[in-house]
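Below is one structure, written out as structure tokens, with a few remarks after it.
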Amino acid sequence: MPPRSTRAEALCEEDNDPRSLPGASASLRPGGKGAGGGICHSAAPKGPSASCSAGTAMPPSRWTAAWLLLLHGCSVGRSQPAASPRTDVRDCSVDPPYLPPTATNTSARLTALRDAMRAHNIHAYIVPSTDAHMSEYIAERDARLGWLTGFTGSAGTGVVTEDRAALWTDSRYWTQAERQLDCNWELQRTTWIESIGTWIVELVPAGGNVSLDPFLFSIDTWHSYQQALQGSGIALLPMETNLVDQVWGNQRPPSPSSYIYSLPEEFTGSSWQEKVAAIRQQMEEHMRSPTALLLSGLEETAWLFNLRGDDIPYNPVFYSYTLLTATNISLFVDSARLTAEAQQSLRSGCPGPLCVELLDYGQVSAHLRHYAQGNATIWLGTEYTTYGLYSIIPQEKLLEDSYSPVMLAKAVKNAKEQQLLRAAHVRDAVAVIQYLLWLEKMVPQGQVDEFSGARHVDALRWAQQHSRGPSFESISASGLNAALAHYSPANGSSRQLSVDEMYLMDTGGQYLDGTTDITRTVHWGTPTPLQKEAYTRVLMGNIDLSRLVFPSDTAGRTVETFARRALWEVGLNYGHGTGHGIGNFLSVHEWPVGFQSNNVPLTAGMFTSIEPGYYRDGEFGIRIEDVVLVVEAQTKHPTGEKPFLTFEVVSLVPYDRNLIDVSLLSQEHIQYLNAYYETIRARVGPELQRQQLEEEYRWLQRSTEPFPQSSAASATAAMLGMLAVTSLTSVLLAELQA
């Protein structure tokens with residue numbers, strides 16, 4: 001699934017999703033490290049790379065600039081809106097306004113919120129799409145922006161004044177917003193905090209008050225709002241009473257009550273005691289000698305203690321915080337929900353430095369405030385810590401990094417974790433192959449719509465060993481709906497699948513041994529020349545990046561352009577990130593791995609997706625996504641202590657031959673495809689036979705027949721790509737040497 005950009009991108013990337021950045025549902029965030037120029041939000045994050053964002057241009061890096069000049073850049077190839085009137089989006093210019101059935105009436109909710117604002121002397125109230133842990137996905141009770149606006153996109157910010165209301169979101173969600181918002185809301189087609197600040201300053205008089213919940217905003221975002229309002233005479237006031245929660249009242253979904261459990265030892269890379277010891281060693285060796293480490297991200301605590309829960313849809317995490325010192329471990333959680341086995345595991349080291357003290361989830365602020373009064377230096381990762389917690393700690397007692405050492409350790413899988421994830425992808429491939437065969441049979445009969453298709457592939461995954469359900473809401477999109485990068489069908493309003501339209505399926509599974517995410521686009525009839533060319537060029541981009549060999553410590557953003565080269569050659573592009581990290585039975589968008597500007601350098605042992613695409617608004621969408629493992633490359637010449645790296649593809653499902661224009665492929669592309677198909681046969685074939693899926697086995701054999709190779713073939717493709725490859729390589733080398 002395209003990274004959902006919950007982490008800010010220096011190039012205003014629109015996705016990866018990869019918060020993908022934490023989080024597809026993180027609120028728009030300010031520009032991260034290295035963000036030149038103004039402040040750009042792009043939301044976990046989820047949650048995927050130098051992307052195009054209309055209306056949010058920022059100074060590109062040198063390598064991007066070179067490509068922009070050579071290949072027309074991001075603006076070329078943007079699809080044009082359909083000429084005919086559309087009934088699926090709102091029209092506020094007519095009287096009475098036209099609202100599609102997907103829009104939500106928000107009048108009563110806005111009236112109640114404005115009453116609460118007046119009671120607190122608030123002139124503007126800012127509502128994000130995040131939770132208190134900067135999560136990509138959020139629980140229903142934390143979907144404040146969605147409840148208030150009706151907009152269910154994963155990234156957005158709403159602002160309500162005494163008589164106006166507006167929503168800011170990026171281009172991935174513009175069409176969705178027009179479908180879901182009523183005419184109480186203005187849609188601001190940008191993600192810059194400066195835009196939000198300008199809008200507020202125009203409407204709120206000097207001396208007025210703007211407020212927000214500090215426990216729902218990142219540190220950088222808070223400072224960005226301060227900067228945007230500086231000199232306006234308008235006060236930015238933190239308010240711990242959340243006004244949306246107040247007016248939501250007893251209709252707000254309850255707190256989760258499901259069990260929090262220990263992950264069986266066979267599915268863990270190491271014990272939690274070993275992980276704690278390794279983190280403590282980093283604390284001891286750090287030049288600042290921090291006395292404590294604060295963990296706010298839900299994945300951090302879940303990974304550290306080998307615990308899992310069910311508090312957030314599709315993510316096996318639970319509400320928690322951790323404060324780790326050299327001698328104490330404090331876990332803030334609803335301890336009544338811990339299974340007996342989990343409690344026993346956590347308390348097995350008591351008394352002693354490996355004894356986990358269980359404290360109430362709501363006590364974290366008071367406990368942190370008390371601890372910070374002593375002789376303390378508290379280490380934290382700013383990307384997952386809210387301003388509310390951050391502001392409790394005196395500045396001189398803070399040790400700040402973008403990501404905590406736990407987040408960085410989690411990103412690099414050890415040998416056992418790698419094998420677990422490989423095994424999960426084999427079984428996941430079986431479910432996807434079953435689904436593709438089923439579609440081939442049923443779609444020509446007119447018996448499948450988007451919603452029933454999504455439910456069917458989910459059921460096939462549930463039937464696989466160690467399955468714990470889907471890893472996100474399945475994207476099952478036919479025809480024009482596939483042009484929406486994060487479209488998900490609804491029962492009763494989804495499109496019928498047709499042999500005359502392209503179909504995009506972006507789905508994933510949660511298994512005890514790993515998390516999966518894969519996208520395939522298919523066409524059962526006769527694709528148009530544009531569809532076939534675009535698909536082939538997306539595939540070429542996927543291959544070009546997947547087979548790349550690159551130096552150690554290379555940043556993903558430096559090489560992600562290889563996924564776009566084939567598209568850029570003909571003036572096409574895509575507006576989301578190119579890839580995101582993935583967890584071991586954790587988040588489908590795992591930070592800080594990926595190809596965006598604020599991801600960490602690629603290291604052997606990291607898993608990331610590679611997912612280029614092309615989207616033509618109102619017509620069709622294409623995406624091809626594989627999960628890959630960063631591994632050492634076998635190069636002709638030894639490279640010493642820092643070996644070159646490459647990718648091992650662990651997704652094992654063939655591509656749609658009906659959409660591949662072989663004449664565009666180079667010999668290297670064809671050789672790569674044939675080798676990949678041999679791997680699929682070798683790894684998935686035996687599993688299909690073990691599960692006695694003989695029809696699926698025969699389908700796999702047909703679908704992985706080798707492509708013919710000819711010395712004369714693809715000469716044109718090679719010639720067309722030569723200039724672009726030469727230019728990109730020269731600029732890449734300059735970037736690495738800088």
Side-chain angles (χ1 to χ4, degrees), residues 7 19 22-23 26 29 44 130-135 213-223 238 240 272 275-305 307 317-335 346 353-411 591-592:
R7 295 283 174 224
R19 245 218 347 123
R29 298 164 190 247
T130 50
D131 65 7
H133 302 272
M134 303 289 99
S135 304
D213 182 344
F215 290 92
L216 296 180
F217 287 84
S218 72
I219 301 160
D220 286 343
T221 302
W222 169 268
H223 291 316
E240 294 190 20
W272 72 259
K275 295 177 182 179
V276 166
I279 298 301
R280 279 175 166 163
Q281 182 175 353
Q282 290 190 51
M283 295 169 62
E284 182 179 348
E285 295 173 353
H286 197 287
M287 61 183 300
R288 289 274 311 273
S289 300
T291 62
L293 173 66
L294 175 65
L295 303 179
S296 295
L298 299 184
E299 296 174 46
E300 296 178 296
T301 291
W303 178 85
L304 182 64
F305 295 113
L307 296 174
V317 295
F318 50 94
Y319 288 120
S320 57
Y321 295 95
T322 296
L323 188 67
L324 174 66
T325 74
T327 56
N328 296 97
I329 309 171
S330 299
L331 173 58
F332 301 88
V333 68
D334 182 355
S335 60
L346 296 172
L354 290 175
C355 173
V356 179
E357 179 186 17
L358 300 177
L359 300 172
D360 187 74
Y361 172 78
Q363 292 180 359
V364 63
S365 294
H367 187 93
L368 185 62
R369 183 175 288 106
H370 177 75
Y371 179 81
Q373 291 174 357
N375 183 21
T377 299
I378 301 173
W379 195 4
L380 55 79
T382 57
E383 289 290 329
Y384 283 81
T385 305
T386 65
Y387 179 77
L389 284 180
Y390 175 84
S391 62
I392 291 173
I393 307 169
Q395 285 293 310
E396 68 274 11
K397 297 184 178 184
L398 278 166
L399 172 58
E400 303 175 44
D401 280 314
S402 294
Y403 302 102
S404 77
V406 169
M407 193 66 72
L408 297 176
K410 178 171 60 66
W591 279 75

- Message: Working to the nearest 0.5 angstrom, can you tell me the gap between Tyr390 OH and Thr382 OG1?
- Response: 8.5 Å
- Query: How long is the span from the CG atom in Leu293 to the CG atom in Leu399, to the nearest 0.5 Å?
  - Reply: 9.0 Å
- Task: Might you work through the ring pair (Phe, Tyr, Trp, His ring centres under 6.0 Å) test for Phe217 and Trp222, ending with a clear yes or no?
- Result: CA-CA 6 Å; Phe217 287 84; Trp222 169 268; 7.9 Å; no
- Query: Out of curiosity, Glu300 CD to Lys410 NZ, how far, rounded to the nearest 0.5 Å?
  - Reply: 7.0 Å
- Message: Using a 3.5 Å distance criterion without hydrogens, assess whether the side chain of His133 forms a donor-acceptor pair with backbone atoms of Ser296.
- Response: yes
- Could you tell me whether the side chain of Arg280 reaches within less than 4.5 Å of the side chain of Leu324, counting heavy atoms only? yes
- Do Leu307 and Trp272 have side-chain heavy atoms sitting under 4.5 Å apart? no
- Task: In sequence, state the C-alpha distance, the side-chain angles, and the governing distance for Leu331 and Thr301, and then conclude on side chain to side chain contact (heavy atoms under 4.5 Å, CB included).
- Result: CA-CA 8 Å; Leu331 173 58; Thr301 291; 3.5 Å; yes
- Would you check if Leu368 and Leu389 make a side-chain contact, meaning some heavy-atom pair closer than 4.5 Å? yes
- Item | Verdict with reasoning, Leu346 to Leu358, per side chain to side chain contact (heavy atoms under 4.5 Å, CB included) | CA-CA 9 Å; Leu346 296 172; Leu358 300 177; 4.0 Å; yes
- Query: With no hydrogens and no angle check, is any side-chain donor or acceptor of Ser320 less than 3.5 Å from a backbone partner on Phe318?
  - Reply: yes
- Message: Under 6.0 Å between ring centres: does that hold for His367 and Tyr321?
- Response: no
- pair Arg369-Ile392: side-chain heavy atoms closer than 4.5 Å: yes
- Okay, side chain of Thr291, backbone of Thr377: is any donor-acceptor separation there less than 3.5 Å? yes
- Task: State the CD1-OG distance between Ile279 and Ser404, to the nearest 0.5 angstrom.
- Result: 7.0 Å
- Task: Run the numbers on Val276 and Leu304 for side chain to side chain contact (heavy atoms under 4.5 Å, CB included), then give the verdict.
- Result: CA-CA 7 Å; Val276 166; Leu304 182 64; 4.0 Å; yes
- Item | Arg288 side chain to Leu398 backbone, donor-acceptor under 3.5 Å | yes
- Closest heavy-atom contact between Pro353 and Ala326? CB-O, 4.3 Å
- If you take all heavy atoms of Ile378 and Ala372, which pair is closest and at what distance? CD1-CB, 4.2 Å
- Message: Using 0.5 Å steps for rounding, measure from the CH2 atom of Trp379 to the CG atom of Asp401.
- Response: 6.5 Å
- Side-chain donor/acceptor of Ser135 to backbone N/O of Asp131, under 3.5 Å: no
- Task: Flag the pair Leu323 / Phe332 as yes when at least one side-chain heavy-atom distance between them is below 4.5 Å, and no otherwise.
- Result: yes
- Message: Looking at every heavy atom in both Ser218 and Thr221, which two are closest together, and how far apart are they?
- Response: OG-OG1, 2.7 Å
- Query: Roughly how far, to the nearest 0.5 Å, is OH of Tyr387 from CG of Asp213?
  - Reply: 13.0 Å
- Are the side chains of Leu408 and Pro592 in touch, meaning some heavy atoms are under 4.5 Å apart? yes
- Message: Does Val406 form a side chain to side chain contact (heavy atoms under 4.5 Å, CB included) with Trp303? I'd like the steps, not just the answer.
- Response: CA-CA 8 Å; Val406 169; Trp303 178 85; 3.7 Å; yes
- Going by the angle between their ring planes, with limits at 30° and 60°, are Tyr319 and Tyr361 parallel, tilted or perpendicular? tilted
